[in-house]
Amino acid sequence: MLLQGSGTVGPWGWLTLLLISCATWASEITFELPDNAKQCFYEEIVQGTKCTLEFQVITGGHYDVDCQLEGPDGAVLYKEMKKQYDSFTFTASRNGTYKFCFSNEFSTFTHKTVYFDFQVGEDPPLFPSENRATALTQMESACVSIHEALKSVIDYQTHFRLREAQGRSRAEDLNTRVAYWSIGEAIILLVVSIGEVFLLKSFFSAKRTTTTRVAS
C-alpha cells in the first residue's frame with residue numbers, strides 16, 4: 001500500500017485523488033508541491049514484481065519537477081531533473097520499501113501541481129480459467145478484448161484530462177498576464193495624457209506672462 005512520507009510540504013498540499021485496486025496496487029494521486037519543497041512516497045514491494053511510475057506536472061512555473069526513485073538499499077533506480085512528464089518501468093530486485101520523491105527545491109516562488117500513477121504488479125486474469133491450456137470460448141475472448149479496450153479508454157481519458165487541466169492553467173496564466181498588461185497600458189496612457197495637458201498649459205502660461213511684461 002502506498003504511504004506518504006514526511007516532506008517539506010505544508011498541510012494544505014495533500015492528496016486529492018487516491019484509487020487502490022485489490023490485486024494490483026495502483027495509486028493515482030494529484031497533489032500540490034510548494035516552492036522549495038520536496039515530497040516523498042513509500043511502497044512495500046515484493047521481489048520480482050513489475051512496477052510502473054508515470055508522472056506529469058499539471059500547473060506551475062515551467063511545468064517541470066525533479067523526480068527520483070530509490071530501492072530498499074538506497075540505490076538510485078531512476079533520477080531526472082526538471083522533467084515535465086515521464087514514465088519509468090522496473091522490476092523489483094529485492095523485497096523492501098521503495099521510495100520515490102518529487103522535488104521543487106529549485107523553484108523559489110512557484111508551486112506546482114503534480115500528478116503521478118504508480119502501478120505495482122500486473123492485472124489478474126479476467127477469468128480464473130484464462131491461464132488454462134485450452135483456448136478461451138468466443139464469449140470469453142470477446143470479454144477479454146472489451147476489458148483491454150476499456151482499460152485503454154481509461155488511460156486515454158486520464159491523459160486527456162491532464163492535458164485539459166494543463167491547457168486551462170496556461171490559458172488562465174495568459175489571461176492574467178494580458179489583464180496586467182492592459183492595466184499597465186491604461187495607466188501609462190492616463191499618465192501621458194495628464195502630462196500632455198500640463199505641458200500644453202505651461203506653454204500658454206509662459207506666453208501670457210511674456211505678453212504682460214512687454215505691455216508694461
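With a 4.5 Å cut-off on side-chain heavy atoms, V57 and Q84 do not count as touching. Taking 4.5 Å as the limit, some side-chain heavy atom of V65 sits within range of a side-chain heavy atom of F55. Residues F90 and L69 have side chains in contact (heavy-atom distance under 4.5 Å, counting atoms from C-beta outward). Looking at heavy atoms from C-beta onward, D66 lies out of side-chain contact with E80 at the 4.5 angstrom threshold. Looking only at side-chain heavy atoms (C-beta outward), L33 and F31 come within less than 4.5 Å of each other. For the pair V120 and C51, the minimum side-chain heavy-atom distance is below 4.5 Å. Counting heavy atoms from C-beta on, the side chains of L77 and F100 never come closer than 4.5 Å.
Although no hydrogens or angles enter the test, the distance criterion places a donor-acceptor pair under 3.5 Å between the side chain of T49 and the main chain of V46. Using a distance-only test at 3.5 Å, with no hydrogens or angles considered, no donor-acceptor pair links the side chain of E185 to the main chain of Y180. Checked by atom type and distance alone, the side chain of Q47 pairs as donor or acceptor with a backbone atom of S93 at under 3.5 Å. Side chain of N104 to backbone of T110: a donor-acceptor contact under 3.5 angstrom is found. With D35 contributing its side chain and H111 its backbone, the two residues share no donor-acceptor pair below 3.5 Å.
With sequence neighbours left out, the disulfide bond (SG atoms under 2.5 Å apart) criterion links C101 to C40. By the side-chain contact (heavy atoms from CB on, under 4.5 Å) test, V192 pairs with I188, E196, sequence neighbours left out. Remark: R161 engages Q157 in a side-chain contact (heavy atoms from CB on, under 4.5 Å) (not counting sequence neighbours).
Scanning all heavy atoms of the two residues, the minimum distance from Y63 to R170 falls at OH-CG, 3.0 Å. In plain terms, the two heavy atoms of I45 and A92 that are nearest each other are CG2-CB, 3.6 Å. Taking every heavy atom of both residues into account, K50 and T89 meet most closely at CE-CG2, 3.6 Å. In plain terms, the two heavy atoms of L53 and C67 that are nearest each other are CD2-SG, 4.1 Å. Nearest heavy atom pair, residue G96 against residue P72, reads CA-CG, 3.7 Å.
Salt bridge present: K112 and D64 bring a charged side-chain N and a carboxylate O closer than 4.0 Å. Of the charged side-chain nitrogens involved, none lies within less than 4.0 Å of a carboxylate oxygen, so that E172 and R168 do not count as a salt-bridged pair.
One hydrophobic cluster, built from ILVMFWY side chains closer than 4.5 Å, cannot hold both W181 and L189; they sit in different ones.
Ring orientation note: the planes of Y156 and F160 are close to parallel, at an angle under 30° on the 30°/60° scale.
Rounding to the nearest 0.5 Å places CD1 of I194 at 4.0 Å from CG of L190. To the nearest 0.5 Å, atoms OG (S103) and CE (M81) are separated by 7.0 Å. The line from OG of S169 to CD1 of I58 is 9.0 Å long, rounded to the nearest 0.5 Å. Interatomic distance, NE2 of H62 versus CZ of F106, reported as 9.0 Å (0.5 Å rounding). K82 contributes atom NZ, which lies 9.0 Å from atom OG of S107 (distance to the nearest 0.5 angstrom).
A cation-pi arrangement, defined by a distance under 6.0 Å to the six-membered ring centre and an angle within 45 degrees of its axis, is absent between K99 and F41.
For E54 and H159, the side-chain atoms include at least one donor-acceptor pair closer than 3.5 Å. The closest side-chain donor-acceptor pair between E28 and Y115 falls under 3.5 angstrom.
Less than 6.0 angstrom separates the ring centroid of F102 from the ring centroid of F116.
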- Criterion side-chain hydrogen bond (donor to acceptor under 3.5 Å, both in side chains) on T97 and E44, from CA distance to verdict: CA-CA 4 Å; T97 302; E44 289 285 342; 2.3 Å; yes
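More than 12 heavy atoms of other residues, nucleotides or ligands lie within 6.0 Å of OH in Y98, so this atom counts as buried by the packing criterion.
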